[in-house]
Amino acid sequence: MNKLFIAGNWKMNLLLKESQELILRIDHGIRPLNLENIEVITAPSMVNLVPVSMQIVTLKSDIKLSAQNMHFEEKGAFTGEASPAQLKSIATKYVILGHSERRYIFGESDEFINKKVHAALKEDMRPILCIGETLEERESGKTYDILQRQIRRGLDGVSQQDLGEIVIAYEPVWAIGTGVSATPEMAAETHDMIRKYIYESFGENSMNIPLLYGGSMNEKNAEDLLRQHNINGGLIGGSSLKAGSFLNIIKTARTILDEKKTS
Ligand code: PGA
């Protein structure tokens, strides 16, 4: 896949003014860049989605908007939640689903996440399905079992046609927010396994599913990670909160793609 996805997950950070400043800086930084085959995505906190979406439209920016979560029901008595249609109506293109913080802090199961995947697809939004093992699971040799289960259940019932809309983010739980990223070799090995597994499970159309790496990706380690064959981008938390580091990762993606073109 000759495309790289650079997605910033802002989590529960940044006030409105800070979010808008960051969007302005990112937009300013990407304007002179050739973004061919690079998808720049930002996922502000839910409360800032509407103004940020309006800002992106006003700026005519290439930044794509993502939500960090949503409910699967269309509407109703679900205090504190946002529906797929509501997100769609404010020009949300992507939605992060099954992030480990949702799984472990808010108790979301694979089945619950699977309903959200279907609900997002129904509204023509692209789900970014997050999967990842804990340190304990890795150390006890269960990594592949866990990831395969999360993929199998998370994508259960997704049609062949919709496979092209799916994005998978591999985020080892022990690497998230810890400053300890997976080594490029370790990430590559896991991504190769994921690619093989989805190919065996879903066939040729699964080749269109981008596999992002997430977990302490930053401007220093991004190059080695993004150069790996089956790493098609990054889901970046901490390092997406500063325009400079996020933009440097985008520039790294440009360099890698340009080199591939000429080699
Ligand atoms: P991090 O977060 O880059 O801060 O480790 C990544 C994520 O949780 O999506």
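Small disclaimer: the values here were computed from a predicted structure and weren't measured. One-based numbering, in listed order, for ligands and for the atoms of each.
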Q: For H99, take its heavy atoms, then give the atoms of ligand 1 lying under 4.0 Å from any of them.
A: 7 (C), 8 (O), 9 (O)
Q. Which atoms of ligand 1 sit under 4.0 Å from any heavy atom of N9?
A. 9 (O)
**Q.** Sub-4.0 Å atoms of ligand 1 with respect to non-hydrogen atoms of G238
**A.** 1 (P), 3 (O), 4 (O)
Q: State the atoms of ligand 1, each with its element, that fall below the 4.0 Å cut-off from a heavy-atom position in G177.
A: 1 (P), 4 (O), 5 (O)
Q.
To check your reading of the model: name the closest protein heavy atom to atom 9 (O) of ligand 1, its residue, and the distance in Å.
A. E171 OE2, 2.7 Å
(Q) Students should be able to answer this: which protein heavy-atom is nearest to atom 2 (O) of ligand 1, and at what distance? (A) K11 NZ, 3.3 Å
Q | Pairing of K242 and E219 as salt bridge, 4.0 angstrom limit | A | no
Q: Assess the pair Y170 and H191: is the distance between their ring centroids shorter than 6.0 Å?
A: yes
**Q.** Enumerated ligand 1 atoms positioned under 4.0 Å from heavy atoms of S216
**A.** 1 (P), 3 (O), 5 (O)
Q) Nearest protein heavy atom to atom 3 (O) of ligand 1, by residue and atom, and its distance? A) G237 N, 2.8 Å
**Q.** Proximal ligand 1 atoms for A175, defined as those under 4.0 Å from one of its heavy atoms
**A.** 5 (O)
Q) Backbone N or O of A175 within a donor-acceptor pair of the S216 side chain at under 3.5 Å? A) yes
Q.
If the cut-off is 4.0 Å to any non-hydrogen atom of G215, which atoms of ligand 1 fall inside it?
A. 5 (O)
